[in-house]
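Not measured: the values here are computed from a predicted model. Start at 1 and go down the list; that is how both ligands and their atoms are numbered.
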Amino acid sequence: MRIVLLGAPGAGKGTQCKHIVVRYGLLHLSSGDILRQERAAGTELGKKAQSYMDSGALVPDEIIVEMMAGAIKKAPEAGFILDGFPRTVNQADELDKSLASTNKKIDAVLNLKIDDRIVAERMTGRRSCPQCGAVYHIENLKPKVEEICDNDGARLVQRPDDSPEVVANRLKTYHQQTEPVVDYYRNSNNSAVYDIDANKDADEVSVLVFEKLDALVKT
Ligand code: ADP
Ligand code: AMP
């Protein structure tokens, strides 16, 4: 199964992916996580991406498309879930072409729908583990011990691009450049598109997601 997870920054894509990959045995490919790993490793790619990420703009399509094509090649036969990619219509088109060259396609698109007013609160309260990448929230999804990762005991950090100013920019970028990707998939005959109410609690969102994907697996 090959899935694209769409939604505004902070909609809960990473949070849902964690559960989806366990239930369906898929590879989680987050473009944001890959970029952050490249930056931490000080690679050329990481250096190129830096200024775009820090301002809340999108990294240029050609860089992202090549990076994600490389990651997708390593996915197991069971498939993958893309989180944060594609983020422009051009990226979606390039992805389709690249999959079609090996007779593959995106089977399902999950569109996590969230109100803008909830996004800011989710992102400014987000905390991540610098070691294992686990994501928490200071109110909604707390670690067992405040500011400490449940998995490995590392001190949690706040992403620099989760500051209120950058969040506002990222949301604007989402509405201008990424929202049209939903219509791109709605207008294509290849992929089923499911709208999911992502304003709900994380557990309730998972139930909605599993309902759709369980039905798809059965067909
Ligand atoms: P995205 O990957 O879409 O940017 P995340 O999964 O990192 O979003 O979630 C953003 C923040 O909101 C995190 O702090 C996460 O713990 C929290 N969160 C995720 N889903 C929900 C939810 N349904 N309700 C409340 N908080 C949530
Ligand atoms: P995320 O972790 O998904 O919130 O992404 C963090 C940042 O990485 C974004 O604000 C962008 O600057 C960059 N980024 C991630 N995915 C993409 C993509 N598909 N296209 C362009 N830029 C991206």
Side-chain angles (χ1 to χ4, degrees), residues 4-21 28-39 45-46 48-69 71-72 81-95 110-115 117-129 133-143 147 149-150 156-163 165-174 176-178 181 196-209:
V4 164
L5 190 52
L6 294 175
K13 299 184 294 296
T15 301
Q16 294 304 321
C17 277
K18 218 170 56 187
H19 305 298
I20 294 170
V21 294
H28 177 199
L29 292 173
S30 155
S31 46
D33 284 352
I34 298 174
L35 287 168
R36 279 183 288 278
Q37 281 158 15
E38 295 282 341
R39 281 182 69 166
L45 171 56
K48 279 187 200 155
Q50 200 161 317
S51 61
Y52 300 99
M53 295 174 79
D54 289 345
S55 69
L58 293 184
V59 176
D61 283 350
E62 57 277 14
I63 297 180
I64 293 292
V65 166
E66 192 185 331
M67 178 184 93
M68 294 308 286
I72 286 170
I81 179 155
L82 299 176
D83 161 6
F85 173 82
R87 247 170 160 110
T88 64
V89 168
N90 182 45
Q91 289 180 15
D93 196 38
E94 290 295 328
L95 171 64
L110 298 167
N111 180 31
L112 297 188
K113 296 184 77 168
I114 184 169
D115 297 342
R117 64 185 169 79
I118 299 182
V119 164
E121 173 244 311
R122 284 209 189 159
M123 289 169 84
T124 49
R126 171 160 57 188
R127 298 290 182 273
S128 325
C129 174
V135 174
Y136 302 88
H137 190 279
I138 52 169
E139 299 293 338
N140 308 331
L141 290 159
K142 294 181 183 179
E147 298 293 322
C149 179
D150 292 350
L156 302 179
V157 295
Q158 185 168 21
R159 273 172 51 176
D161 59 346
D162 278 347
S163 65
E165 312 77 57
V166 184
V167 165
N169 251 346
R170 291 166 68 196
L171 200 51
K172 201 165 127 202
T173 304
Y174 168 76
Q176 287 175 346
Q177 301 191 59
T178 308
V181 176
I196 306 284
D197 180 359
N199 294 316
K200 296 175 184 284
D201 285 349
D203 288 348
E204 294 176 76
V205 177
S206 293
V207 169
L208 297 174
V209 166

I'd like to check whether Pro9 has a polar contact with ligand 1, where a contact means an N/O of the residue lying under 3.5 Å from an N/O of the ligand. no

So is Arg126 polar-close to ligand 2, meaning N/O to N/O under 3.5 Å? no

From Leu171 atom CG to Met123 atom CE, the distance as rounded to the nearest 0.5 Å: 8.0 Å

Under-4.0 Å heavy-atom contact with ligand 2, by part of Leu35 that carries it: side chain

Mark up the atoms of ligand 1 that fall under 4.0 Å of a heavy atom belonging to Lys200, in ascending order. 22 (C), 23 (N), 24 (N)

Listing request: all salt bridge (Lys or Arg N to Asp or Glu O under 4.0 Å) pairs with a residue in residues 8-21, at least two apart in sequence or in separate chains. none

Give me the residue, atom name and distance of the protein heavy atom closest to atom 22 (N) of ligand 2. Val59 N, 3.0 Å

For atom 20 (N) of ligand 2, closest protein heavy-atom neighbour: Gln91 NE2, 2.9 Å

Students should be able to answer this: which protein heavy-atom is nearest to atom 16 (N) of ligand 2, and at what distance? Ser31 OG, 2.8 Å

Atoms in ligand 1 flagged as close to Val135, the criterion being non-hydrogen separation under 4.0 Å: 7 (O), 13 (C)

Distance under 4.0 Å to a non-hydrogen atom of Lys13: what atoms of ligand 1 satisfy this? 1 (P), 2 (O), 3 (O), 4 (O), 6 (O), 8 (O)

Less than 4.0 angstrom from a charged side-chain N to a carboxylate O is my criterion; do Arg127 and Asp162 meet it? no

Closest protein heavy atom to atom 18 (C) of ligand 2, given as residue, atom name and distance to 0.1 Å: Arg87 CD, 3.5 Å

Student check: side-chain heavy atoms of Ile72 and Leu95 closer than 4.5 Å: yes

Closest approach of any protein heavy atom to atom 25 (C) of ligand 1, naming residue and atom: Asn140 ND2, 3.2 Å

Any heavy atom of Leu112 under 4.0 Å from ligand 1? The part involved is neither

Location of contacts on Lys13 toward ligand 2, heavy atoms closer than 4.0 Å: neither

Which atoms of ligand 2 have any heavy atom of Arg36 under 4.0 Å away? 2 (O), 6 (C)

Compare every heavy atom of Ala11 with every heavy atom of Ala198, then report the nearest pair and how far apart it is. CB-O, 3.7 Å

For atom 16 (O) of ligand 1, which protein heavy atom lies nearest, and how many Å away is it? Leu141 CD1, 3.2 Å

Please identify which of these residues, Val205, Val207, Ile114, meets the side chain to side chain contact (heavy atoms under 4.5 Å, CB included) condition with Lys200. Val205

Return yes or no for this condition: an N or O of Ala57 is under 3.5 Å from an N or O of ligand 2. yes

Ligand 1 atoms nearer than 4.0 angstrom to some heavy atom of Thr15 are 5 (P), 6 (O), 9 (O), 15 (C), 19 (C)

Quick check: Gly125 and ligand 1, any N/O pair under 3.5 Å apart? no

Close N or O approach (Arg170, ligand 2; < 3.5 Å): yes

Using distance alone, determine whether Asp161 and ligand 2 share an N or O pair under 3.5 Å. no

So, taking the atom named CZ in Arg87 and the one named CG in Leu82, what distance separates them when rounded to the nearest 0.5 Å? 12.0 Å

Which value, rounded to the nearest 0.5 Å, describes the distance between Ile20 atom CD1 and Thr15 atom OG1? 10.5 Å

Does the residue Gly10 have a heavy-atom contact with ligand 1, meaning some pair of atoms that are separated by less than 4.0 Å? yes

To which of Arg122, Lys18, Glu204, Met123 does the heavy atom nearest atom 20 (N) of ligand 1 belong? Arg122

How far is atom 7 (O) of ligand 1 from its nearest protein heavy atom, and which residue and atom is that? Arg126 NH1, 2.6 Å

Is the shortest N/O to N/O distance between Asp83 and ligand 1 below 3.5 Å? no

Using distance alone, decide if ligand 2 has a nitrogen or oxygen within less than 3.5 Å of any nitrogen or oxygen in Phe85. no

What atoms of ligand 1 come closer than 4.0 angstrom to any heavy atom of Gly12? 1 (P), 3 (O), 5 (P), 6 (O), 8 (O), 9 (O), 19 (C), 20 (N)

Select one of side chain, backbone, both or neither to describe which atoms of Ile64 lie under 4.0 Å from any atom of ligand 2, heavy atoms only. side chain

